[in-house]
Engineer: 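So that we are looking at the same thing, I have put the structure below in structure tokens.
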Protein chains: 2
Amino acid sequence: MQITSRFTIAVHIITAIDYFQKTRRVSSEFLAGSVGVNPVIVRNVIGMMREAGILRTQKGSGGAELTRPLSDISLYDIYKAVDCVDSEAGLFHFHEQPNPECPVGRNIHQALDESLAEIQRVMEEKMRSVSLADISERTRQAIGKEAETE
Amino acid sequence: MQITSRFTIAVHIITAIDYFQKTRRVSSEFLAGSVGVNPVIVRNVIGMMREAGILRTQKGSGGAELTRPLSDISLYDIYKAVDCVDSEAGLFHFHEQPNPECPVGRNIHQALDESLAEIQRVMEEKMRSVSLADISERTRQAIGKEAETE
DNA sequence: CCGACCTGTAACATGATATATTACAGGTGT
DNA sequence: ACACCTGTAATATATCATGTTACAGGTCGG
């Protein structure tokens, strides 16, 4: 099991929009080229982030624009926006038919749920603590280092 | 995306083995009845835990037996044993072909990896902090409360 | 030593999901 | 009018989780 690549694709997209938006028009085609996936995937991921209020898009003329500074967008915002996990079901898939006639079967769910929820919570809190500004900053630093060694 | 139910099934199995092993023979058929899945699933999950050294099994006569006390088995041990995530690839699936000709494309992976690894790490550390003794204890308490209200 | 019961494992079916791809209707700006 | 863009539907494919049947071989009580 792995968290869908939509997540890293979305982070890549946001970073690229921020990096390029002042110098060129950032269309889904262009982004698809940078990310290395089909433009339709990009448009879908962008659509999810638009619904989540992270960015705005312009039909026709093209290009996407962030609605707030990178420092106000966390990895958690992206993760939620692109639906990496079902919000209701949670991160862990509990087996669905523990036997109610068995004492363990009818109580294990309740006994485990609290711990599973906590695990999910610490993970999500860590995601909240990382902003897209952090990622963008690291990306720009890496690009800067490339220039040095040329 | 969700973590496979093999994980909660495995926790259920360990808890049930501990709960029943002194009073009856705990076969894969019996466990399958408690968990509510096919006996083959149980045998496969048990097989994975055997490979991980968490329990021993007896061909022929049946029954599984834990190799160490519940307090020495953590949720993380189970999670690793039943292969919830690919150990090499990690929890997050990075898109595989970011464009090396794009400055963002060729640096985003490195810029993100550190954060993704940290997120995975805090999650796994939380899993290490919960032992099967905790889960068993809560299960037994829940069973005890049932008895009270009868 | 036979028969009942068990495990380990392979083989196959099925449904869900991630990703890719084609297609097209409709918006925008020159 | 035309080129370029987005939003979205429809479809294809591959992978994976889970279920199911089947069977070879181990163990043990009678």
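The sequence lines fix the lettering, A, B, ..., with proteins before strands; numbering per chain opens at 1.
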Engineer: For A:R24 and D:dC4, give me the distance from atom CZ to atom P, rounded to whole Å.
Structural biologist: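 One finds 14 Å between P of D:dC4 and CZ of A:R24, rounded.
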
Engineer: Which pair of heavy atoms, one from B:H95 and one from A:S5, lies closest together, and at what distance?
Structural biologist: N-CB, 3.9 Å

Engineer: Tell me, with the steps shown, if A:K126 and B:M123 meet side-chain contact (heavy atoms from CB on, under 4.5 Å).
Structural biologist: CA-CA 9 Å; A:K126 190 71 186 178; B:M123 173 182 164; over 6 Å; no

Engineer: Please state whether the phosphate of C:dG8, meaning OP1 or OP2, lies under 4.0 angstrom from any side-chain nitrogen or oxygen of B:R50.
Structural biologist: yes

Engineer: Can you confirm whether the side chains of A:T15 and A:D18 place a donor and an acceptor under 3.5 Å from each other?
Structural biologist: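 Result is no, nothing qualifies.
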
Engineer: Rounding to an integer number of Å, can you tell me how far B:I3 CD1 sits from D:dC16 C1'?
Structural biologist: 15 Å

Engineer: If you look at every heavy atom in A:G105 and A:P98, which pair is closest and at what distance?
Structural biologist: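 Minimum heavy-atom separation between A:G105 and A:P98: O-CB, 3.2 Å.
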
Engineer: Can you tell me if A:H95 touches the phosphate of D:dT18, counting only side-chain N or O atoms and a distance under 4.0 Å to OP1 or OP2?
Structural biologist: no

Engineer: Of the nucleotides D:dT18, C:dG8, D:dC4, which one has an atom closest to the side chain of A:R25?
Structural biologist: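 Nearest listed nucleotide: D:dC4.
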
Engineer: Output, in order, the C-alpha distance, side-chain angles, deciding distance and verdict of side-chain contact (heavy atoms from CB on, under 4.5 Å) for B:L31 and B:F20.
Structural biologist: CA-CA 10 Å; B:L31 287 169; B:F20 289 110; 6.0 Å; no

Engineer: Using only atom types and a distance under 3.5 Å, with no angle test, would you say the side chain of A:S74 pairs donor to acceptor with the backbone of A:V130?
Structural biologist: no

Engineer: Just to confirm, is there a sub-4.0 Å distance from OP1 or OP2 of C:dT19 to any side-chain nitrogen or oxygen of A:T4?
Structural biologist: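 Indeed, a polar side-chain atom of A:T4 lies that close.
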
Engineer: How many Å lie between CE on B:M48 and P on D:dT18, as a whole number?
Structural biologist: 10 Å

Engineer: Is A:T57 near enough to D:dG7 that one of its side-chain N or O atoms lies under 4.0 angstrom from OP1 or OP2?
Structural biologist: yes

Engineer: Can you work out whether A:S28 or A:M1 has the more 5'-proximal nearest nucleotide on DNA chain D?
Structural biologist: A:S28

Engineer: Starting at atom CZ of B:F92, determine the distance to atom C1' of C:dA18, rounded to an integer number of angstrom.
Structural biologist: 17 Å

Engineer: Return the 5'-most residue of the pair B:H93, B:E29 with respect to DNA chain C, ranking by each residue's nearest nucleotide.
Structural biologist: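 Its nearest nucleotide being more 5', the pick is B:E29.
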
Engineer: What integer distance in Å separates A:F30:CZ from D:dC4:P?
Structural biologist: 17 Å

Engineer: Check DNA chain C against residues 5-21 of chain B and give the residues with a non-hydrogen atom under 4.0 Å, in numerical order.
Structural biologist: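 None, since no heavy atom is under 4.0 Å.
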
Engineer: Measure the CD1-CD1 distance between B:I73 and B:I54 for me, rounded to the nearest 0.5 Å.
Structural biologist: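 One gets 6.0 Å once the value is rounded to the nearest 0.5 Å.
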
Engineer: Determine the minimum heavy-atom distance between B:I108 and A:T139, stating which atoms define it.
Structural biologist: CD1-OG1, 3.9 Å

Engineer: Which letters describe nucleotides 20-30 of chain D, given B = protein heavy atom under 4.0 Å from base, S = only from sugar-phosphate, - = neither?
Structural biologist: BBB---BSS--

Engineer: Tell me if a side-chain donor or acceptor on B:D113 pairs with a main-chain N or O of B:Q110 at a distance below 3.5 Å.
Structural biologist: no

